[in-house]
Amino acid sequence: MTEFLPLKDAIAKHVADGDCLALEGFTHLIPFAAGHELIRQGRKDLHLARMTPDLVYDQLIGVGAARKLTFSWGGNPGVGSLHRLRDAVENGWPCALEIDEHSHAAMAVGYRAGAARLPFGMLRGYIGTDLPARNPRIRHVTCPYTGENIATVPAVNPDVTILHAQRADRHGNVAIDGIVGAAREAALAAAKLLVTVEQIVDELPPAMNNIVLPAFTVTAVSQVPGGAWPSYAHGHYARDNDFYLRWDAIARDRGGFTAWIDRHVRATRDHRGFLASLREAA
Amino acid sequence: MTEFLPLKDAIAKHVADGDCLALEGFTHLIPFAAGHELIRQGRKDLHLARMTPDLVYDQLIGVGAARKLTFSWGGNPGVGSLHRLRDAVENGWPCALEIDEHSHAAMAVGYRAGAARLPFGMLRGYIGTDLPARNPRIRHVTCPYTGENIATVPAVNPDVTILHAQRADRHGNVAIDGIVGAAREAALAAAKLLVTVEQIVDELPPAMNNIVLPAFTVTAVSQVPGGAWPSYAHGHYARDNDFYLRWDAIARDRGGFTAWIDRHVRATRDHRGFLASLREAA
Amino acid sequence: MSEYTRDEMMTVAAARLLRDGQVCFVGIGLPSAACNLARLTHAPELVLIYESGTIGTRPTVLPLSIGDGELAETATCVIPLPDIFSDYLQAGRIDIGFLGAAQIDRFGNLNSTVIGSYDKPKTRLPGAGGATEIAAHARQVFVVMKASPRSFVKKIDFQTSGGHFPGRPQSGARGAGPAVLVTDVGILKPHGESGEFTLSAVYPGIPADEARAAIGWPLAVLPELDTCAPPTAAELEVLRALEARTAAAHREPVRLPL
Amino acid sequence: MSEYTRDEMMTVAAARLLRDGQVCFVGIGLPSAACNLARLTHAPELVLIYESGTIGTRPTVLPLSIGDGELAETATCVIPLPDIFSDYLQAGRIDIGFLGAAQIDRFGNLNSTVIGSYDKPKTRLPGAGGATEIAAHARQVFVVMKASPRSFVKKIDFQTSGGHFPGRPQSGARGAGPAVLVTDVGILKPHGESGEFTLSAVYPGIPADEARAAIGWPLAVLPELDTCAPPTAAELEVLRALEARTAAAHREPVRLPL
């Protein structure tokens with residue numbers, strides 16, 4: 001049965017130091033509130049998987065919570081670099097970060113293999129690139145019919161996947177509307193699935209063929225309005241593009257970054273407090 | 001650009017003798033009108049692929065249009081046998097039929113591999129069964145990470161996939177609502193995609209994450225109201241369970257079958273005529 | 001207590017085996033009736049998945065086919081069939097899979113492919129469908145079949161789906177295999193190292209000898225044989241109402257879409 | 001004819017390369033502006049696919065990110081990202097893929113991974129994203145980059161995506177590779193056996209020497225050099241209106257969801 005828990009309790013109960021975590025959501029529905037709660041609770045030694053690390057992983061990497069990153073594109077979309085990710089890779093600050101680097105297509109089949117509990121995924125990919133020479137996890141199989149050489153990646157099976165969604169019903173069924181990225185695959189690939197939602201409703205809007213994660217695939221639901229900010233929740237609030245721009249300045253400097261995290265994440269009790277502290281600062 | 005053609009012209013132009021065809025639709029949206037048109041035009045030597053051959057392939061097999069069948073469950077759902085399929089396999093009537101037999105899970109990954117233009121699909125499957133000993137197309141690969149033995153099937157890439165759907169818009173975008181089976185995968189696996197639809201509309205109903213086949217994947221659209229009967233089109237008409245029962249008697253006997261096909265399919269001009277001839281006979 | 005048929009006893013016996021909240025991969029016919037009876041009685045949160053892609057269906061009438069519109073309309077969601085097999089069944093998310101077949105042997109291996117030889121069959125049956133992978137990957141399999149010496153045989157003509165076959169634990173099958181075989185003459189469970197199906201419970205008024213006569217292999221019988229409780233009035237009322245609703249719905253004439 | 005910027009010339013030049021009905025895999029920034037300009041002028045049936053899973057989008061303003069809500073709201077459909085890469089890109093359904101990078105060599109090989117060594121990079125760049133497989137599988141690739149000797153180099157530090165690399169025809173790549181390189185100092189096209197990018201057209205008022213100076217390899221220049229027509233008034237009007245709508249939409253303040 002799906003548990004309904006405050007986010008704080010969901011993270012405390014279900015995420016352990018050393019876990020492999022996937023916080024997914026492609027531009028849309030990035031679970032920032034959950035990322036901040038991981039920082040508040042001081043989780044460490046995490047293996048973070050995510051196609052596009054985005055600001056949420058820049059923050060986790062910047063506080064030294066991550067030992068390893070599996071990813072396929074690590075930038076601030078439309079802005080530039082993730083400075084905390086760069087500082088970790090270029091200078092090992094605040095700690096060394098092991099890099100497991102893929103292409104989007106390969107991450108996608110890795111999640112999909114994980115969801116299907118196959119040990120690997122395959123693609124006609126990694127052609128004309130130096131990546132396989134740098135990542136020993138990229139291998140090949142021979143097609144048993146044509147003899148072709150097909151690239152493979154290991155299945156991605158997070159200990160915990162965390163998503164943000166618009167709605168859950170009272171059974172724990174979770175519905176996602178709009179851009180889904182690899183959220184469905186990452187969700188079904190995980191041993192545990194935590195979801196923060198904008199709303200808990202009696203009945204989900206009718207959506208026969210939409211993206212729904214059935215309750216029995218969902219470990220815990222936490223209602224966290226605004227939980228995807230500064231990314232967005234289709235139908236609820238827009239992406240805060242300004243914040244993405246402002247982040248560039250905040251994260252460029254170690255001290256500035258740490259001060260921001262201390263003030264807005266570590267010194268606040270929860271996501272409501274976090275948002276309130278930003279409003280005060282504005 | 002998607003062509004808008006009468007069904008007769010779509011079949012005449014796009015389906016050749018000897019083609020590999022997939023008429024998909026799982027219980028729901030089975031393209032019967034297209035199957036009948038194949039019979040009217042006397043297509044032969046076809047390699048028919050379909051998870052559940054159902055009555056539509058019983059008819060094509062019974063008239064001797066098929067040389068090979070790739071399938072995973074060949075019965076009259078809820079009723080019993082497909083007598084024409086049985087007669088072909090057991091007695092070679094009206095002609096021999098090569099059997100390429102799989103499980104549902106394997107057919108599904110075969111279509112999915114086809115849609116992705118991978119040469120094969122894989123599954124943890126065919127365990128504890130005699131099927132691999134009887135079908136040399138069922139093979140295995142070794143996982144390059146774990147050393148596990150994973151079953152494989154060749155990609156299914158039909159020359160032509162034919163679907164029935166509720167709606168197309170005037171650009172040729174096709175929307176399917178309700179049970180979809182492997183229709184999406186079979187559609188995208190094919191070199192050509194023909195779709196019969198109940199309605200052609202100015203704009204598809206809003207359905208952000210629903211099953212939509214974009215126009216540039218659709219070769220031709222033909223408006224054929226009732227084109228899925230005796231299966232059903234969600235929101236348009238129900239499954240004619242009575243006819244599925246009656247088919248058992250019609251198809252049990254070679255002469256009775258041929259007389260039915262002659263009267264209702266071969267002697268009628270199109271699907272409207274077919275349905276009218278059944279109403280007269282009732 | 002009212003009179004009841006053997007089919008009703010079978011359906012009720014199968015329904016009682018289900019626990020609330022379990023995720024069931026359901027086939028048409030008796031499994032569908034048993035699952036919906038359980039859902040309407042002691043297991044309201046039972047999750048029913050039909051291979052057509054409907055998850056969490058709560059039909060008010062029983063479907064006649066695996067892809068009835070009723071299943072889609074009452075579902076939590078309708079997903080592509082390939083996902084059902086890869087992300088739910090193969091992924092190990094199915095608690096209970098239901099199977100039947102034309103033939104079964106004492107280890108629960110099933111044949112739904114051919115009678116006779118594969119290349120020149122006496123009777124060509126529908127084939128595997130979802131059965132092969134349900135047998136492998138559902139956590140437990142419940143087999144539901146009416147017993148007869150023709151179908152409960154010493155040796156099946158073709159192994160479509162594996163039961164407690166030799167080497168199962170090393171085979172890559174995720175599931176534990178057939179946990180119970182519900183028949184119209186009693187309930188069999190696997191016993192001992194080999195997992196041989198053994199009579200473990202009889203129904204009221206049906207002696208073990210009747211089971212022995214209906215089963216084509218020398219039937220082992222547990223020394224401490226249970227007797228199933230007959231269907232309760234409440235169970236029968238719910239089951240009969242479900243079947244009456246189903247019959248009424250399916251009596252409604254379907255007009256040609258002309 | 002009005003004044004125009006070099007960015008406008010680049011965008012217009014890229015837009016003109018697109019034919020109506022083509023299926024384009026679009027990135028953010030200049031490719032997105034070029035594709036939408038083409039769609040709003042000579043190619044109304046251009047199909048725009050963004051890797052976030054939106055197919056057939058017709059945004060009224062340009063997206064700031066690859067997954068803006070505007071892209072979903074105006075799409076024919078929104079599908080899971082894995083399907084975009086397997087069933088559309090890998091399947092060979094993309095006519096034109098757009099790419100840019102931090103570094104490019106004369107054969108159109110691209111680097112968006114690191115400056116310096118991979119293990120101890122001087123600058124860690126975002127990485128491959130969709131680029132590696134776009135470079136391999138789109139029927140044609142259009143590269144759009146502002147020219148500078150730092151980015152148009154003799155040797156790239158890391159090959160993220162393949163251009164006309166040796167062995168490409170036997171590599172399993174479906175696509176023909178980079179067909180054109182649109183820069184702010186002219187248009188380059190692959191030439192000869194090796195596919196070396198060669199200046200094939202200049203813009204009005206920008207001589208070939210300026211291109212030579214901006215490009216870090218010894219630039220080959222076609223003897224019969226075209227001169228692009230300057231942006232038409234109509235093109236500029238549509239592009240500027242699009243950018244004005246975009247700026248206005250993105251000026252609307254976003255409130256904290258509190």
Colleague: Can you tell which part of C:Ser161 gets under 4.5 Å to a heavy atom of chain B, answering side chain, backbone, both or neither?
Modeller: backbone
Colleague: For B:Thr142, what residues pass the side chain to side chain contact (heavy atoms under 4.5 Å, CB included) criterion, not counting sequence neighbours?
Modeller: none
Colleague: Anything in residues 228-236 of chain B with a heavy-atom distance to chain C below 4.5 Å? Please list those residues in order.
Modeller: B:Trp229, B:Tyr232, B:His234
Colleague: Under a 4.5 Å heavy-atom cut-off, does chain B meet the side chain of C:Asn109, its backbone, both or neither?
Modeller: neither
Colleague: Does any backbone or side-chain atom of C:Phe158 lie under 4.5 Å from a heavy atom of chain B? Answer side chain, backbone, both or neither.
Modeller: both
Colleague: Report which part of C:Ala173 has an atom under 4.5 Å of a heavy atom belonging to chain B: side chain, backbone, both, or neither.
Modeller: both
Colleague: Non-hydrogen atoms of chain B under 4.5 Å away: do they reach the side chain of C:Asn111, the backbone, both or neither?
Modeller: neither
Colleague: State, to 0.1 Å, how close C:Ser32 and C:Pro63 come at their nearest heavy-atom pair, and which atoms those are.
Modeller: OG-CD, 3.5 Å
Colleague: What part of C:Ile79 gets closer than 4.5 Å to chain B, counting heavy atoms only: side chain, backbone, both or neither?
Modeller: backbone
Colleague: Of the options B:Glu24, B:Glu185, B:Arg184, which is the one that meets B:Tyr111 in a side chain to side chain donor-acceptor pair (under 3.5 Å)?
Modeller: B:Glu24
Colleague: Given that the side chain runs from C-beta out, which part of C:Thr160 has a heavy atom under 4.5 Å from chain B: side chain, backbone, both or neither?
Modeller: backbone
Colleague: Quick one: sort the B:Trp260 and B:Phe274 rings into parallel, tilted or perpendicular, breaks at 30° and 60°.
Modeller: perpendicular
Colleague: Please look at C:Ser112 and chain B and tell me whether the side chain, the backbone, both or neither of the residue comes under 4.5 angstrom of a heavy atom of that chain.
Modeller: neither
